[in-house]
Protein chains: 2
Amino acid sequence: MLKKLLKIEEIEKIFNIKIKDENIWLEALIHKSWLFYHHRSDLPNNEKLEFLGDAILQMFVSLYLYKNFKELDEGKLSLLRSNLINRHRLGDIALKLKLDKIINISPILDKKGKLTVLGDSLEAVIGALYLDQGPEITQKFIQEHILQNIEEIIKKGEIKDPKTYFQEIIQKKYGFLPEYKILDISGPAHQRRFKVGIFLKDIKLTEGEGTSKQEAEFEAALKAIKKLEENNFEEF
Amino acid sequence: MLKKLLKIEEIEKIFNIKIKDENIWLEALIHKSWLFYHHRSDLPNNEKLEFLGDAILQMFVSLYLYKNFKELDEGKLSLLRSNLINRHRLGDIALKLKLDKIINISPILDKKGKLTVLGDSLEAVIGALYLDQGPEITQKFIQEHILQNIEEIIKKGEIKDPKTYFQEIIQKKYGFLPEYKILDISGPAHQRRFKVGIFLKDIKLTEGEGTSKQEAEFEAALKAIKKLEENNFEEF
């Protein structure tokens, strides 16, 4: 049973490692859709390792971006990071790595569902790699497989005007426009600070701050786009 | 000038370290509100280090929770993490550490604004600590100062029924109720999978999946609460 679920040779080949703790890898390679399908509640699923791996991935990607893109501001770094590790891209990378050969998932998923599961499971695998092999090997893996083609992503991901971009998305998605409301103005006349919120039908999505209304709106729109991107433009 | 902005002795005392790279600490200890107030655009602000420090903090907290709370599922781990590192708590910890003695912020902020800035700057400081002193010292700092009183937080943060809890928050905040809609049902009759979305006035906040409608709603509500918690219940 274990042998069928845990393809040790294949894992060691894909990651170029010698496995130390088989239990960690067993946990990483069982997706909950497999357990649903096989009615097995006695085995672990990889959601907790996905929780851990997601944070590890964010950390090493952030560290790389901070060190290598000194000229970009925080907003651009965030956009770039969410472009690098969004669910679609992780799914594609997982497929390229042939994780579908080692991860146990339900056979009844459609193509899109399978890609999502593979992307999520890549995060679980990164969690397992960290626990089993340590930070250096994990960092190297992330650099080789997640941080490749980064210049290309920078070109595609560059957004010149977040307000216009966000407005277009919302118009298309809901058929109405986002509203900007001033939430607070503080400071003396020559040093005003503005706080602005973006609202969709009275529901506040994000806030931005700045020395002008425009600057605050810009920040609020940038944050809203980030949230959408992180959720594949499906939800906030 | 540098000496006034960078209080080396105080920093070394607070963190019990010997500073290696003064530039990293200078960057960590200038908040943009100080630059606004003093009309200085020639100096860096700490937003990029906050971006990095936030990811570092998430990672070490996730690692600690994964290793020490085996009995909790992914949803509980996420809730616990956002309880540990929400903005309010980080602001309080920063004040306890006396970061207000070393961080340069605008003198015209009110008490709440100051706490927010201090909490954000604590993340920047964690970024600086990592870059200047390495992962071990950073991990130790996080364990000593962020991961204390964790049992108490578990007790307070325990949410028995996320649907009821979420409904109460939304009712209070907006005066109407969240709606649950089934987005997808798949699989054969004996192995159904449900996908459910939570909507506020037709705006989808989150999705949940499960073997029953109830399970999917539970997950969607849990995710929605997490989002609110991460944003101090102010926005999604």
Side-chain angles (χ1 to χ4, degrees), chain A residues 32-33 36-37 39 45 47-63 65-67 70 72-75 77-78 81 106 108-110 113 127 130-131 135 173-174 186-188 190-191 193 197-198 200-207 209-211 223 227 231 234-236, chain B residues 32-33 36-37 39 45 47-63 65-67 70 72-75 77-78 81 106 108-110 113 127 130-131 135 173-174 186-188 190-191 193 197-198 200-207 209-211 223 227 231 234-236:
Chain A
K32 67 176 177 182
S33 67
F36 285 154
Y37 189 79
H39 297 286
N45 72 42
E47 282 193 320
K48 284 165 73 166
L49 274 175
E50 184 194 329
F51 163 85
L52 175 63
D54 172 66
I56 292 168
L57 183 57
Q58 294 254 6
M59 203 281 266
F60 283 122
V61 170
S62 305
L63 193 60
L65 295 181
Y66 178 86
K67 284 186 177 172
K70 298 266 179 217
L72 299 183
D73 64 24
E74 184 271 341
L77 291 180
S78 294
R81 185 176 65 187
S106 162
I108 57 165
L109 294 177
D110 61 13
Y130 187 97
L131 292 174
K173 197 172 165 74
Y174 298 112
S186 58
H190 63 293
Q191 285 168 330
R193 297 194 63 203
I198 295 190
L200 295 186
K201 290 192 178 178
D202 292 331
I203 293 155
K204 186 166 72 178
L205 296 179
T206 56
E207 284 182 15
E209 281 185 51
T211 50
K223 281 189 193 167
K227 281 192 183 178
N231 296 299
E234 283 171 8
E235 61 187 49
F236 282 99
Chain B
K32 66 177 177 182
S33 66
F36 287 154
Y37 190 78
H39 296 287
N45 72 42
E47 282 193 319
K48 284 165 74 166
L49 274 175
E50 184 194 330
F51 164 84
L52 175 62
D54 171 68
I56 292 168
L57 183 57
Q58 293 255 4
M59 202 280 266
F60 283 122
V61 170
S62 305
L63 192 60
L65 295 181
Y66 177 85
K67 285 186 176 172
K70 298 267 180 218
L72 298 183
D73 64 23
E74 184 271 342
L77 291 181
S78 294
R81 185 176 64 187
S106 162
I108 57 166
L109 294 176
D110 61 12
Y130 187 96
L131 293 173
K173 197 173 164 73
Y174 298 112
S186 58
H190 62 293
Q191 286 168 330
R193 295 193 64 204
I198 295 190
L200 295 187
K201 290 193 175 175
D202 292 332
I203 294 156
K204 186 167 71 177
L205 295 179
T206 55
E207 283 181 16
E209 281 184 51
T211 49
K223 281 189 193 168
K227 281 192 183 178
N231 296 299
E234 283 171 8
E235 60 187 49
F236 283 99

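No hydrogens, no waters, no symmetry mates; every other heavy atom, side chains included, goes into these values. A note on names: the letters A, B, ... follow the listed sequences, proteins ahead of strands, and every chain is numbered from 1.
- B:S78 touches chain A through backbone and side chain together, each having a heavy atom under 4.5 Å away.
- Ranked by heavy-atom pairs shorter than 4.5 Å toward chain A, the options B:V61, B:D73, B:L77 are led by B:L77.
- With chain A as partner, the option from B:K201, B:E209, B:H39, B:Q58 having the largest number of non-hydrogen pairs under 4.5 angstrom is B:H39.
- Neither the backbone nor the side chain of A:S186 comes within less than 4.5 Å of any heavy atom of chain B.
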In a table with atom names and distances, give each donor-acceptor pair under 3.5 Å that connects a side chain of residues 48-56 of chain A to protein atoms at least two apart or in another chain.
unit_1: A:K48; atom_1: NZ; unit_2: B:K70; atom_2: O; d: 2.5
unit_1: A:K48; atom_1: NZ; unit_2: B:L72; atom_2: O; d: 2.9

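- Contact of the A:Y37 side chain with the A:K32 side chain is not registered, since no non-hydrogen atoms from C-beta on lie closer than 4.5 Å.
- When A:I203, A:I108, A:T211 are compared by the number of non-hydrogen pairs under 4.5 Å with chain B, A:I203 comes out ahead.
- For A:R81 and A:S62, the side-chain atoms include at least one donor-acceptor pair closer than 3.5 Å.
- When heavy atoms are compared at a cutoff of 4.5 Å, B:L200 approaches chain A by way of both its backbone and its side chain.
- Looking at A:K173, there are no atoms closer than 4.5 Å to chain B (heavy atoms on both sides), in backbone or side chain.
- The minimum heavy-atom distance between A:P135 and A:F60, with the atom names listed, is O-CZ, 3.9 Å.
- For the pair A:K204 (side chain) and A:I198 (backbone), a donor-acceptor distance under 3.5 Å is absent.
- The salt bridge (charged side-chain N to carboxylate O under 4.0 Å, His left out) search around B:D202 returns B:K181, not counting sequence neighbours.
- In this structure, the portion of A:Y174 lying under 4.5 Å from any heavy atom of chain B is its side chain and not its backbone.
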